[in-house]
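Note: hydrogens, waters and symmetry copies are ignored here, and every other heavy atom, side chains too, is used. Residue numbers count from 1 along this sequence.
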Amino acid sequence: MLAYRSGFALKDLAKGAWGGMKSTLVALSILVLVGGLIGVWKAAGTVPAMVYYGLGLTSPRYLVPVAFVLALATSMMLGTSIGTLSTIGVAIMGVAQGVGAPLPLVAGALVSGALFGDRSSPLSGSLALNVSMTGTEQRQVMTALLPTGVITAALTLCGYLALGLRLPVGTAEAGAGLRDALAAHVVISPWLLVPPVLVLALAFFRVPVRWALGVGMAAGALLAYVVSGMDLLTSSRAWLLGYHAQTGDQALNHMLSGGGVVPMAELVILILVASGFNGIMETTGMMSMIISRLVEDVGRPLALVGSTMLISLLVTLVAANQALAIIVPGRMLQSAYKRAGLSANLLSRALADSGTVLCALIPWNLMGILGAAALGVSVRSYAPYAFLLWLLPLVSLGKTAIDEQRSVVGPAVVSSGKGN
């Protein structure tokens, strides 16, 4: 309405909204695949098998810090948070649900670890986009990201250790009981671990996530027939509507049920509305005007980094897209950093430590929606426990302030590009 009253034609506004919606088709396909994949894997017995073997590898008391470390290591190897949450994340959430661990806390640890790879992995598409948009070199950017990343990861791990060790000791007995219940009611076979291994391997070899998820889903459907004796109709129903377990144990049924394409409909609508809104904001130039006002007369490193993070967060809130939180400020702020005599590496770090990870804390952002869909926990529930995402901007601002006070920022980050 504001744009129309300002002189924009309805036809142009509709075209802008449609353009924004079309840009999310890949994300929508991933969301649908995640829903179908979880439904098929639960029906096939893949998720129960991952939970069964996972309980044999770790004590439930250490589940929270282990979840963080495993998600961080996997995302660093794969460079994809969605691939990490759809495989390792699904298994660990099954373990947490079975032993009675707080699901929002475990989900927060998984999201923290998974997003660390999006920010820091040399295989990450987000890092490659950051380097491209800021005109930097990947090796220098990774060096610049190291101090804030290591400090934040260490603080986060300490937090999860403190909280994880406070879980009731009885969860160990619950873990043993869950293994017995799974073995009694579900077919358990090492072959059922093939689909997640396939997904991880394909992601490692840089196969697009949607293709990796599709192969994993097909492998799950095949194993549902070969190992569990499940017919194609049941697998198809699990893909479309989700799987509804019937083991005679209500708690076990609740843990083993879920997934499906149809239950994702509300999230698909949310993505379309958010992306259409962003299309209108871009078409009318509203976003550009706001950003230009925020960086007017900003020259000090701390102020400029703070403004960069604020702009990246603003784009993340409005655009509902992780990539745009890197693209928009990355393009628009290069000149501001040059005028201030600061290296583009500092710009890269500011983007990596803000919008790149904060997107997973926003319920209508694509990353938040995909993460919540994979883990079965809402963004609002896990957000308070995603410690790494909250700490990264604060640690990054603190380091910039310390460097500025010590007069290190000036000589270290000028246009030579050698500083952090």
Drop me the distance from [X]'s [atom1] to [Y]'s [atom2], to the nearest 0.5 angstrom.
| X | Y | atom1 | atom2 | answer |
| --- | --- | --- | --- | --- |
| Ile92 | Phe68 | CD1 | CZ | 12.0 Å |
| Leu375 | Met93 | CG | CE | 5.5 Å |
| Thr316 | Met309 | OG1 | CE | 12.0 Å |
| Leu370 | Ile82 | CG | CD1 | 4.0 Å |

With side chain to side chain donor-acceptor pair (under 3.5 Å) as the rule and sequence neighbours excluded, what pairs involving [range] come up?
| range | answer |
| --- | --- |
| residues 76-87 | Ser81-Asp118 |
| residues 372-385 | Ser378-Ser381 |
| residues 147-157 | Arg119-Thr148, Thr148-Asp353 |

Is it true that a side-chain atom of [X] and a backbone atom of [Y] form a donor plus acceptor pair closer than 3.5 Å?
| X | Y | answer |
| --- | --- | --- |
| Lys42 | Ser257 | yes |
| Thr46 | Leu192 | yes |
| Thr400 | Ser396 | yes |
| Ser75 | Gly113 | yes |
| Trp18 | Gly279 | no |
| Gln334 | Met133 | yes |

Any side-chain heavy-atom pair from [X] and [Y] closer than 4.5 angstrom?
| X | Y | value |
| --- | --- | --- |
| Asp403 | Pro301 | no |
| Val34 | Ile38 | yes |
| Tyr53 | Ile188 | yes |
| Gln322 | Leu115 | yes |

For Ser124, which residues count as a side-chain hydrogen bond (donor to acceptor under 3.5 Å, both in side chains) partner, sequence neighbours excluded? none
Would Leu103 and Gln97 count as a side chain to side chain contact (heavy atoms under 4.5 Å, CB included) here? Give the steps. CA-CA 7 Å; Leu103 298 185; Gln97 193 171 5; 4.1 Å; yes
Atom of Leu397, atom of Leu302 and distance for their closest heavy-atom approach: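 That closest heavy-atom pairing would be O-CD1, 3.6 Å.
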Taking atom types as modelled, is there a side-chain donor on [X] or [Y] under 3.5 Å from an acceptor on the other?
| X | Y | value |
| --- | --- | --- |
| Asn130 | Ser348 | yes |
| Tyr337 | Thr308 | yes |
| Thr356 | Ser126 | no |

Residues which pass side chain to side chain contact (heavy atoms under 4.5 Å, CB included) with Gln138, listed by chain and number, not counting sequence neighbours: Pro122, Leu127, Val131, Met142
Mind checking ring pair (Phe, Tyr, Trp, His ring centres under 6.0 Å) for Phe387 and listing every partner two or more places apart, or none if nothing turns up? Tyr160
